[in-house]
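In what follows, a structure is listed as structure tokens, so that the remarks can point back to it.
Heavy atoms only: backbone and side chains are in, while hydrogens, waters and symmetry mates are out.
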Amino acid sequence: MMDTVSKTTPCRISPNCKTSHDPDAPNTFYRKDLPPNLISFTSKEGKRLLKECLVQGSAESFLHLSGNLTHQSEPAFCGLGSLAIVLNALGVDPKRPWKGAWRWYDETLLDCCNSLETIKQKGIPFDEFTCVGQCHGLHVVSKRICTPPDDIPDNTNITRTKDSAVVVSQQEFIEDLKRIVKDEEGRSFMVISYCRTVLDQTGDGHFSPIGGFHEETGMVLVLDVARFKYPSYFVHVDVLYESMKPVDRETGKSRGYFLLTRAEKEKAKEKV
């Protein structure tokens, strides 16, 4: 039997080939370096923090979210991308096909409360994130860091005064954070809405899920959905809390965070 020798021909890229790109194409970017106050979770220090979180049971969120992580498919889809990750981690059936015969969440199935074309241009504001989550079978507890007095519901026990606003304290945020990241069953998750500039990053408003909390150092693991821009990273809880305070120019209100679980009606459907 004769041996055959395969000959390989060098790839000759034509000038019109789509892979023939200028490596220094103007007005384009390939990722950004993390500022020095943030720790990449794949760095030596980041790995140490993550390992210790796992041992201490304060990165349960990471374990449940990691198998469902994806990056946002549009520059303004951070809110939708974060919701899709959480919906899949919670095992919510979209009841609609995604690709072929498969039902699975991505941003294109979150076409409610506003059109996808509008969201591509403007993203989604804080209250709209809650709306989309509720439309797709989630119970959403939304907590703005600062709520103007006029926006406090009438059916609340909070005492309202003319000039004061309701503030979610840093201690309340930390208590919510600790409870969520230690949920072994993966039945609840946290997504934050924050201002990137406070973290010394480029850009402005952004959404991302939380993966863990290293209590000893106060470092929080942010699973950034814009991974074409920044990797996931650890940031100090003091800085993260401050990043939710700035007012969103679109709404004139502060940002905050969300606690997401499956709605009771969705749980009931599984038992039928």
Measuring only between side-chain heavy atoms, which start at C-beta, is [X] closer than 4.5 Å to [Y]?
{"X": "H236", "Y": "T217", "value": "no"}
{"X": "E175", "Y": "R179", "value": "no"}
{"X": "E52", "Y": "Q56", "value": "yes"}
{"X": "L65", "Y": "F189", "value": "yes"}
{"X": "S188", "Y": "L259", "value": "no"}
{"X": "S115", "Y": "T118", "value": "yes"}
{"X": "T202", "Y": "K32", "value": "yes"}
{"X": "R144", "Y": "Y257", "value": "no"}

At what distance, to the nearest 0.5 angstrom, does [atom1] of [X] lie from [atom2] of [Y]?
{"X": "H214", "Y": "S58", "atom1": "NE2", "atom2": "OG", "result": "7.0 Å"}
{"X": "L240", "Y": "L199", "atom1": "CG", "atom2": "CG", "result": "6.5 Å"}
{"X": "L34", "Y": "F41", "atom1": "CG", "atom2": "CZ", "result": "11.0 Å"}
{"X": "L260", "Y": "T130", "atom1": "CG", "atom2": "OG1", "result": "8.5 Å"}
{"X": "E45", "Y": "L50", "atom1": "CD", "atom2": "CG", "result": "11.5 Å"}
{"X": "D176", "Y": "K143", "atom1": "CG", "atom2": "NZ", "result": "3.5 Å"}

Report task. Output every pair passing salt bridge (Lys or Arg N to Asp or Glu O under 4.0 Å) with a member in residues 210-227, not counting sequence neighbours, ordered by first then second residue. Result ->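 Salt bridge (Lys or Arg N to Asp or Glu O under 4.0 Å) check on residues 210-227 returns K182-E215, R196-D224.
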**Report entry** Pairs touching residues 79-90 that satisfy salt bridge (Lys or Arg N to Asp or Glu O under 4.0 Å), sequence neighbours left out
**Finding:**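 Every pair satisfying salt bridge (Lys or Arg N to Asp or Glu O under 4.0 Å) with a residue in residues 79-90: there are none.
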Can you see which heavy atom on [X] is nearest to which on [Y], and at what distance?
{"X": "L109", "Y": "W104", "answer": "CD2-O, 3.5 Å"}
{"X": "E107", "Y": "L116", "answer": "O-CD2, 3.7 Å"}
{"X": "T108", "Y": "R96", "answer": "O-NH2, 4.5 Å"}
{"X": "P209", "Y": "S82", "answer": "CD-OG, 3.7 Å"}
{"X": "C113", "Y": "E128", "answer": "CB-CG, 4.1 Å"}
{"X": "S254", "Y": "I145", "answer": "OG-N, 3.6 Å"}

Query - F129 and F207 aromatic ring geometry - parallel, tilted or perpendicular at 30°/60° bounds - result: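 Geometry flag for F129 against F207: parallel rings.
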Is the backbone of [Y] close enough, under 3.5 Å, to the side chain of [X] for a donor and an acceptor to pair up by distance?
{"X": "S66", "Y": "F62", "value": "yes"}
{"X": "T197", "Y": "D200", "value": "no"}
{"X": "R187", "Y": "L90", "value": "no"}
{"X": "S142", "Y": "F258", "value": "no"}
{"X": "N68", "Y": "H64", "value": "yes"}
{"X": "D248", "Y": "G252", "value": "no"}
{"X": "R262", "Y": "L138", "value": "no"}
{"X": "S43", "Y": "I39", "value": "no"}

Query raised in the report: Is the charged tip of K245 near the ring of Y241: under 6.0 Å from the six-membered ring centre and within 45° of its axis?
Result: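 So K245 doesn't make the cation-pi contact.
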Same cluster (ILVMFWY, side-chain, under 4.5 Å), [X] and [Y]:
{"X": "Y194", "Y": "V247", "value": "no"}
{"X": "L63", "Y": "F234", "value": "yes"}
{"X": "L223", "Y": "F228", "value": "no"}

Query raised in the report: Among I180, I192, V191, which residue meets the side chain to side chain contact (heavy atoms under 4.5 Å, CB included) test with I210?
Result: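 When I180, I192, V191 are each tested with I210, the side chain to side chain contact (heavy atoms under 4.5 Å, CB included) holds only for I192.
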List the atom pairs, donor and acceptor, that lie under 3.5 Å between side-chain atoms in residues 119-126 and the rest of the protein, sequence neighbours left out.
{"residue": "K120", "atom": "NZ", "partner": "E117", "partner atom": "OE2", "Å": "3.3"}

Report task. Decide, based on the SG atoms alone, whether C112 and C131 are under 2.5 Å apart. Result ->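 Answer is no: C131 does not pair with C112 in a disulfide.
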Report task. Give a yes or no on this: more than 12 heavy atoms of other residues, nucleotides or ligands lie within 6.0 Å of atom NZ of K51. Result ->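 12 or below, so no.
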